[in-house]
Amino acid sequence: MTQPPPALPPQIAAFDEAQRRTVGLMRAVAVNLTAGMAAGDVVRLAKELAPKEGFSGWFHEPVVRIGAAVGQDPLRARLDRSVLQPGTLVNIDLGPATKEAYGDLGITLCVPGAPEPEGLAMVRELAKGSTGYCSRWKTMGEIFIFAEAWCRNRGMLLLDKDSVGHRLLPLEGWHRQPALARLALRWRPNRLHRLNFRRMDGIFSINPTAQVGDIRASFEEVVYIHEEVRQVLGRNSLDEVGTL
């Protein structure tokens with residue numbers, strides 16, 4: 001019989017609730033995607049739907065990348081003029097915030113009208129494997145090395161050169177505002193890069209981006225690590241990683 005996850009401290013529980021609402025927001029955006037929409041249309045849709053899920057601000061505003069723009073930095077993605085078509089891949093990254101916490105979720109979807117390419121499932125497994133590899137006894141740099149090895153062993157290309165994720169800071173102290181918590185991610189000690197020897201303890205976003213053939217995709221999840229606890233926030237189990 002599967003044991004229920006342990007009760008979370010109130011601060012972490014707030015992040016879990018925010019992430020669950022973010023999953024709900026992502027679902028609402030996904031079911032409203034239609035052919036002909038540009039990235040800006042999807043961003044506006046997410047902003048319109050966010051208050052209905054109980055959000056009042058943003059850790060980071062929605063980032064939408066279509067087709068070949070998947071894997072590019074947000075500025076280049078904003079300059080892309082691609083539109084959704086049946087079978088097109090679209091990556092949506094949402095970071096909505098409440099007064100107590102914020103979510104951070106990314107998913108790559110295949111626009112309805114064509115079968116999902118096999119490579120997309122391979123990148124989803126990369127996200128699931130990287131998230132499952134996290135533990136209190138791993139360093140932040142080991143997650144990067146794991147993702148890199150996973151890709152190399154399966155004929156995939158890890159597109160991340162700097163990091164495959166980052167720490168999520170609680171809304172307290174000088175970073176009590178989501179925008180300031182976002183600013184703190186520029187510090188390399190908070191990023192999952194190869195040379196980060198700090199052991200994992202806290203809340204982390206896991207977000208490897210990979211290429212399989214001509215498919216470029218990423219899936220972002222949030223995991224809480226403390227002592228013997230590893231819990232994917234906003235999810236009921238590791239099996240739900242990368243899904244809606």
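Computed from heavy atoms alone, side chains included, the values below leave out hydrogens, waters and symmetry copies. We number each residue from 1, following the sequence as shown.
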(request) Please list all pairs passing the salt bridge (charged side-chain N to carboxylate O under 4.0 Å, His left out) test where one or both residues lie in residues 225-244, with sequence neighbours left out. (result) E221-R235
(message) Can you list everything that forms a ring-ring contact (aromatic ring centres under 6.0 Å, His included) with F59? Sequence neighbours excluded, please.
(response) Y102
(request) Enumerate the residue pairs fulfilling ring-ring contact (aromatic ring centres under 6.0 Å, His included) with a member in residues 18-53, sequence neighbours excluded, ordered by first and then second residue. (result) none
(message) If we ignore hydrogens and angles and just use 3.5 Å, is the side chain of R182 paired with the main-chain N or O of P178 as donor and acceptor?
(response) no
(request) Run through the side-chain heavy atoms of Ile, Leu, Val, Met, Phe, Trp and Tyr, join any pair under 4.5 Å, and report what else lands in L238's cluster. (result) V232, V241
(message) Nearest 0.5 Å, please: how far is CG in L94 from CE in M26?
(response) 4.0 Å
(message) What I'd like to find out is whether the side chain of V29 reaches to under 4.5 Å of the side chain of V42, using heavy atoms alone.
(response) yes
(request) Applying side-chain contact (heavy atoms from CB on, under 4.5 Å), name anything that partners D162, two or more places apart in sequence or on another chain. (result) R188, R191
(request) Measure the shortest side-chain to side-chain distance between S130 and V164 over non-hydrogen atoms and say whether it is less than 4.5 angstrom. (result) no
(request) Any pair with a residue in residues 221-244 that passes ring-ring contact (aromatic ring centres under 6.0 Å, His included), sequence neighbours left out, goes on the list, sorted by first then second residue, please. (result) none
(request) Could I get the full list of side-chain hydrogen bond (donor to acceptor under 3.5 Å, both in side chains) partners for R27, not counting sequence neighbours? (result) none
(request) Decide, yes or no, whether a salt bridge links K47 with E61 under the criterion of side-chain N to carboxylate O below 4.0 Å. (result) yes
(request) Determine, step by step, whether L33 and V90 satisfy the side chain to side chain contact (heavy atoms under 4.5 Å, CB included) criterion, reporting the C-alpha distance in whole Å, the side-chain angles of both residues, the deciding distance to 0.1 Å, and the verdict. (result) CA-CA 10 Å; L33 297 179; V90 55; 4.1 Å; yes
(message) Taking the basic N atoms (NZ, or NE/NH1/NH2) and the acidic carboxylate oxygens, is any pair closer than 4.0 Å for R20 and E17?
(response) no
(message) Return the CD1 to CD1 distance between I203 and I12, rounded to the nearest 0.5 Å.
(response) 3.5 Å
(message) Tell me every residue that passes side-chain hydrogen bond (donor to acceptor under 3.5 Å, both in side chains) with D41, counting only those two or more places apart in sequence or in another chain.
(response) R44
(request) Verify side chain to side chain contact (heavy atoms under 4.5 Å, CB included) between E220 and I206, making sure each step is shown before the conclusion. (result) CA-CA 6 Å; E220 182 177 22; I206 310 299; over 6 Å; no
(message) For a 4.5 angstrom cut-off between non-hydrogen side-chain atoms, does V63 reach V43?
(response) no
(message) Quiz question: by atom type and distance under 3.5 Å, do the side chains of Q11 and E172 form a donor-acceptor pair?
(response) yes
(request) List in chain and number order the residues that pass side-chain hydrogen bond (donor to acceptor under 3.5 Å, both in side chains) with R198, two or more places apart in sequence or in another chain; answer none if no residue qualifies. (result) N196
(request) Mind jotting down which residue pairs meet the ring-ring contact (aromatic ring centres under 6.0 Å, His included) criterion with at least one end in residues 103-137? Sequence neighbours excluded, please. (result) Y133-F146
(message) Under a 3.5 Å cutoff, is there a donor and acceptor pairing between the side chains of S218 and N91?
(response) yes
(message) With no hydrogens and no angle check, just 3.5 Å: does a side-chain donor-acceptor pair link H166 and N207?
(response) no
(request) List in chain and number order the residues that pass side-chain hydrogen bond (donor to acceptor under 3.5 Å, both in side chains) with E116, two or more places apart in sequence or in another chain; answer none if no residue qualifies. (result) R124
(message) Suppose the criterion is ring-ring contact (aromatic ring centres under 6.0 Å, His included): which pairs have a residue in residues 171-206, not counting sequence neighbours?
(response) W174-W187
